[in-house]
Amino acid sequence: MQTWTIHVQGDPVRVHRVESYEDLELFKEFVRKNLRVLAFDTETTGLDIYSRGYRLRLVQFGNKNEAWVLPVELGGDYITVTIQTLMAVEKIVGKNLAFDFKVIDRCLGIPMEKLWPKAFDVEIQAKLIDPRDTLKGGIGVSLEDLVRHYLDPNLADNVKGLMSKIAKEYKTTKAKVFEKVDLNHPEYNIYAGMDTIFPARLEGIQNKLIPASAVQLIHFEHEIAEVCTYMDRGGFLLDLEYTQNLSMELHEDEEKYSEIAARFGCENVNSTDQVAEVLLSRGVVLKDRTPTGKLQVSKTILDKLVKENDEFAIAVQKAKKARKWRTTWVDGFLNNMDDNGRCHASINTLQARTGRMSITGIPAQTLPASDYTIRKCFVAEEGHSIVSVDYKGQELRVLAALSGDKTMIDAFKHDLNLHLLTAQAAFGEHVLKDTKEYKAGKITNFARVFGGGAKVVAEQTGLTFMQAKKVVEAFDKRYPGVTNYADKLAKLSERDGYITTYFGRRLPVDHSRAYSALNYMVQSSSRDVTCRGILRAYRAGFGPYMRLPVHDEILMSMPTARAEWGANEVARHMSETIGPVFIDTDAEVGRRSWGSLYSPDVD
DNA sequence: CAGGTTAGCACC
DNA sequence: AAACGGTGCTAACCTG
């Protein structure tokens with residue numbers, strides 16, 4: 001056995017590397033004395049847990065003063081003892097346990113279901129204290145950031161530098177070093193061990209700092225994280241043939257249109273500089289500049305030229321779109337696919353400052369919604385249909401409920417059309433649905449939730465600034481409760497530096513942007529409405545059918561024979577009442593592919 | 001030249 | 001007085 005001593009906050013802490021079955025006996029002795037709680041971490045070959053050849057390399061257990069590193073990659077008793085320890089310990093502390101649990105489930109075959117009930121994640125804790133990363137002025141949420149802020153800045157720098165240093169030693173990149181580094185590498189082992197000591201220490205420090213209003217969220221966030229790891233693990237079935245064909249078609253499109261653009265002197269349509277140059281040479285006036293002073297070639301300008309049948313603009317746009325679609329979506333799915341033809345998302349349940357989730361792997365939140373083509377790549381299981389349940393006007397309903405605006409509450413109570421109501425406030429009671437005025441009402445409703453004003457409304461509607469200003473004024477007059485609420489939140493945020501959401505989450509608000517307090521409140525509370533709904537549906541037994549959460553929606557694959565029933569059940573579980581407002585849900589049953597929800601002609 | 005930043009374009 | 005919130009991904013560009 002090798003033992004290293006490191007100093008943390010003035011204390012000597014020890015990292016033991018288990019090197020023999022005799023050492024393993026000593027480790028077991030340590031475990032026996034620490035069965036109540038152990039900190040836990042893993043080192044693996046990378047982040048793509050479901051890829052071929054993925055391996056677990058080290059497993060670490062520890063407490064505030066001691067860490068033990070087990071070389072499980074060697075197999076044998078190291079694995080057996082790891083499994084025994086994980087099953088026996090009463091509480092597991094870690095940082096982003098969602099990752100380690102998925103790894104353990106995949107590589108050692110311990111179902112996550114066995115581990116989640118005893119999980120305590122210091123990342124969840126950290127995000128309830130301060131959800132911002134350092135770039136946004138926060139403490140940060142990485143282990144390095146937390147160590148720097150709460151424990152020891154020097155140690156944080158060492159942590160940061162370590163893997164880069166080893167990568168240099170191995171003449172490789174940071175991303176690849178994890179599968180290459182020698183299992184016996186001393187520094188690799190030391191820092192693997194430290195990754196249990198740090199969370200063990202952070203837990204106690206952070207525990208005292210969670211706002212009282214947010215304490216109830218600790219358990220809630222663990223449950224949400226749990227359910228989302230089940231979705232990650234299950235994955236989403238890919239229609240391989242369709243996806244491969246689509247990739248080829250997009251590739252052909254890209255080549256065809258790139259060639260046309262090249263004839264105009266633009267070798268690379270993805271270089272904004274080159275496109276700008278050709279446009280200028282063709283007499284197009286470009287006056288907007290980016291913050292760094294470059295000429296801006298916005299989509300609006302290209303769109304306008306395309307409408308005028310400008311051959312170059314058309315080629316640029318089509319080539320760019322084909323490439324974007326292929327590389328970002330279609331080839332991404334094919335690369336991400338596991339041996340069973342499934343893609344696995346990685347859901348970060350507390351990504352945004354507001355608590356909103358983010359989804360990588362399958363970037364479900366950013367897939368084109370105007371078109372079924374990309375979503376058609378994903379299909380329901382054999383004998384299943386795609387089901388989607390979402391909230392009706394979730395953010396506006398939440399806004400009505402939280403602001404207490406009487407007109408808005410009344411509108412939802414009587415199922416009136418809020419966009420029409422705003423349009424009528426601005427342009428008169430004669431305004432009808434699906435008119436230009438109606439659209440302006442809709443845009444204004446959303447702009448106000450986002451904190452936008454007349455300028456934004458003007459840009460998006462095409463109205464003049466003065467006309468847009470009138471619409472915004474009409475909004476504020478028709479929904480005075482909303483305006484008052486926005487002012488109140490802005491003042492609160494200026495006074496305290498944060499606001500507290502309906503569900504008790506504390507959200508920091510920048511002083512220079514107090515107007516965004518309303519949006520944070522609405523966006524964050526809406527996120528929690530969705531999560532509460534997902535949890536109720538999960539507890540009712542619908543977990544196995546869930547595929548992806550998408551903001552105000554849950555996407556599922558359900559046995560076709562019961563899809564209609566199941567969709568309505570989930571919709572019922574997800575609907576929620578906040579004060580005087582019912583946050584209603586919509587259930588939709590599609591056919592075989594996700595794309596079927598986006599077109600009546602798609603299977 | 002790896003790694004970080006910027007610009008642009010997807011979504012709610 | 002007015003104030004556009006949040007995300008991911010790629011390619012190009014910049015930097016040490």
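Per chain, numbering begins at 1; letters A, B, ... match sequence-line order.
Atom NZ of A:K318 has 12 or fewer heavy atoms from other residues, nucleotides or ligands within 6.0 Å.
The distance from atom NZ of A:K320 to atom C1' of C:dT10 is 11 Å, rounded to the nearest whole Å. For A:F333 and C:dG8, the CZ to P distance is 16 Å, given to the nearest whole Å. Atom CD of A:Q274 is separated from atom P of B:dA7 by 17 Å (rounded to the nearest Å). Between A:E395 atom CD and B:dC12 atom P there is a gap of 11 Å when expressed in whole angstrom units. We find that CD1 of A:I347 is positioned 22 Å from P of C:dG6, with the value rounded to whole Å. One atom, CZ of A:R505, and another, C1' of C:dG6, lie 14 Å apart when rounded to the nearest Å. The distance from atom CD of A:Q351 to atom C1' of C:dG6 is 10 Å, rounded to the nearest whole Å. With rounding to whole Å, A:W325 atom CH2 is found 16 Å from B:dG8 atom C1'.
Looking at A:R397 and A:Y391, their side chains never bring a donor and an acceptor atom within 3.5 Å of each other. Side chain to side chain, A:N445 and A:T422 meet the donor-acceptor criterion of an N or O pair below 3.5 Å.
Under the side-chain contact (heavy atoms from CB on, under 4.5 Å) criterion, A:H573 pairs with A:R536, A:A537, A:A540, A:F542, A:E569, not counting sequence neighbours. Residues passing the side-chain contact (heavy atoms from CB on, under 4.5 Å) test with A:A517 are A:L489, A:S493, A:I499, A:V509, sequence neighbours excluded. Annotation: salt bridge (Lys or Arg N to Asp or Glu O under 4.0 Å) contacts of A:E395 (sequence neighbours excluded): A:R356. Listed by chain and number, the residues in a side-chain contact (heavy atoms from CB on, under 4.5 Å) with A:E252 amount to none (sequence neighbours excluded). Residues forming a side-chain contact (heavy atoms from CB on, under 4.5 Å) with A:L47 (at least two apart in sequence, or on another chain): A:F99.
For the salt bridge (Lys or Arg N to Asp or Glu O under 4.0 Å) condition, the pairs that include at least one residue of residues 437-457 of chain A, sequence neighbours left out, are A:R448-A:D476. For residues 488-498 of chain A, there are no salt bridge (Lys or Arg N to Asp or Glu O under 4.0 Å) pairs, not counting sequence neighbours.
Salt-bridge check for A:R148 with A:D157: passed, with a basic side-chain N closer than 4.0 Å to an acidic carboxylate O. Using a cut-off of 4.0 Å between Lys/Arg side-chain N and Asp/Glu carboxylate O, A:K321 and A:D371 are scored as not salt-bridged.
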- Message: Test ring-ring contact (aromatic ring centres under 6.0 Å, His included) on A:H185 and A:Y191; report intermediate values, then the result.
- Response: CA-CA 10 Å; A:H185 195 292; A:Y191 283 88; over 10 Å; no
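At C:dT10, none of the side-chain N or O atoms of A:R323 fall inside 4.0 Å of OP1 or OP2 (strictly under the cut-off). One finds no side-chain N or O of A:T327 lying less than 4.0 angstrom from the OP1 or OP2 phosphate oxygen of C:dT10.
Near DNA chain C, meaning a heavy atom under 4.0 Å from it, residues 437-462 of chain A has A:F450, A:G451, A:G452, A:G453, A:A454, A:K455, A:V456, A:Q460 in order of number. Proximity of residues 547-555 of chain A to DNA chain B (heavy atom under 4.0 angstrom from any strand atom) is restricted to A:H551, A:D552. Residues from residues 509-533 of chain A lying near DNA chain C, meaning a heavy-atom separation below 4.0 Å, are A:R513, A:Y515, A:S516, A:N519, A:Y520, A:Q523 in numerical order.
In this structure, A:K168 reaches neither bases nor backbone, as no heavy-atom distance under 4.0 Å exists between it and the strands shown. As judged by a 4.0 angstrom heavy-atom cut-off over every strand, A:K171 is placed among residues making no nucleic acid contact. No engagement by A:G355 is indicated, since no non-hydrogen atom pair under 4.0 Å with the nucleic acid exists.
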Quick one: side chains of residues 463-475 of chain A, donor-acceptor pairs under 3.5 Å with protein atoms, not counting sequence neighbours, listed by atom name and distance.
| unit_1 | atom_1 | unit_2 | atom_2 | d |
| --- | --- | --- | --- | --- |
| A:T464 | OG1 | A:Q467 | N | 3.1 |
| A:T464 | OG1 | A:Q467 | OE1 | 3.1 |
| A:Q467 | OE1 | A:T464 | N | 2.8 |

Under 3.5 Å, which protein N or O atoms sit close to an N or O of nucleotides 1-5 of chain B? Give each pair with its distance.
| unit_1 | atom_1 | unit_2 | atom_2 | d |
| --- | --- | --- | --- | --- |
| B:dG3 | OP1 | A:K174 | N | 3.2 |

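Here the side chain of A:A369 is nearest to one of C:dC9, B:dC12, C:dT7, namely B:dC12.
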